[in-house]
Amino acid sequence: MKHSSSSPATRRGQGPARHIGRTLALVLPVVLVLSGTLAVTRVNWSGNPADSVLAASDVAAAGDAKHTAPRAPQDVLRDRLLTELQEKDPGTALTHLQEAVNGRPSLARHCSSIARALGRAAVRVYGPTRAQSYARPVCDTSFASGVLAARG
């Protein structure tokens, strides 16, 4: 009488698990190699922070795209208001921010971040005490929180 180490029922139970294990043993190293290769191409080897989010293959194409890529409306508005803050005062910039959000409701979700940027810039230009005097409830209290963040 032959004795085997496992019965047919036990071997059947190991079949699917063994099949999955073999599949993983073949697929997992390939996935790891590919993900490691992609990770290495995403590292900023140039030392230039402007290229840090570009893949290595995108670096050459990025030079051309920088000159033609349209800027997002919220970025254009923020830059215009920061210039206005320096040329006039934070109050004027906050008024124009509120008017822009009222005229274009899609900018409302960016209002707080723009107001915080204005608050930080106001502290650099006018100092913390004078910058705080311009605070008003545009985009809640984001301007004031930007002033507070720049103080400390």
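What's counted below: heavy atoms across the whole structure, side chains too, no hydrogens, waters or symmetry copies. Everything numeric in this text was worked out from a predicted model, so none of it was measured.
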Which value, rounded to the nearest 0.5 Å, describes the distance between [X] atom [atom1] and [Y] atom [atom2]?
| X | Y | atom1 | atom2 | answer |
| --- | --- | --- | --- | --- |
| L85 | R124 | CG | CZ | 9.0 Å |
| R120 | L148 | CZ | CG | 12.0 Å |
| Q98 | C111 | CD | SG | 6.0 Å |
| Q86 | Y126 | CD | OH | 8.5 Å |
| L97 | T92 | CG | OG1 | 12.5 Å |
| I114 | H96 | CD1 | NE2 | 14.0 Å |

Measure across [X] and [Y] and return the closest heavy-atom pair with its distance rounded to 0.1 Å.
| X | Y | result |
| --- | --- | --- |
| A135 | A144 | CB-CB, 4.2 Å |
| A131 | F143 | O-CE2, 3.3 Å |
| R116 | S145 | CG-OG, 3.6 Å |

(request) Scan side-chain atoms only and decide if R78 and S113 contain a donor-acceptor pair under the 3.5 Å cut-off. (result)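 Their side chains do not contain a donor-acceptor pair, so the 3.5 Å distance test is not met.
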(message) Side-chain heavy atoms nearer than 4.5 Å, only ILVMFWY residues, links allowed to pass through others: does that put V125 and L82 together?
(response)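 Yes; L82 is reachable from V125 via cluster members.
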(request) Tell me, yes or no, whether the heavy-atom count around R104 atom CZ, taken from other residues, nucleotides or ligands under 6.0 Å, exceeds 12. (result)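 12 or below, so no.
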(request) For atom CZ of R71, decide whether the heavy atoms of other residues, nucleotides or ligands shown that lie under 6.0 angstrom number more than 12. (result)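 It does: R71 CZ has more than 12 such atoms within range.
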(message) Less than 4.5 Å apart, side chain to side chain, heavy atoms only: is that true for Y134 and V147?
(response)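 Sidechains of V147 and Y134: no contact.
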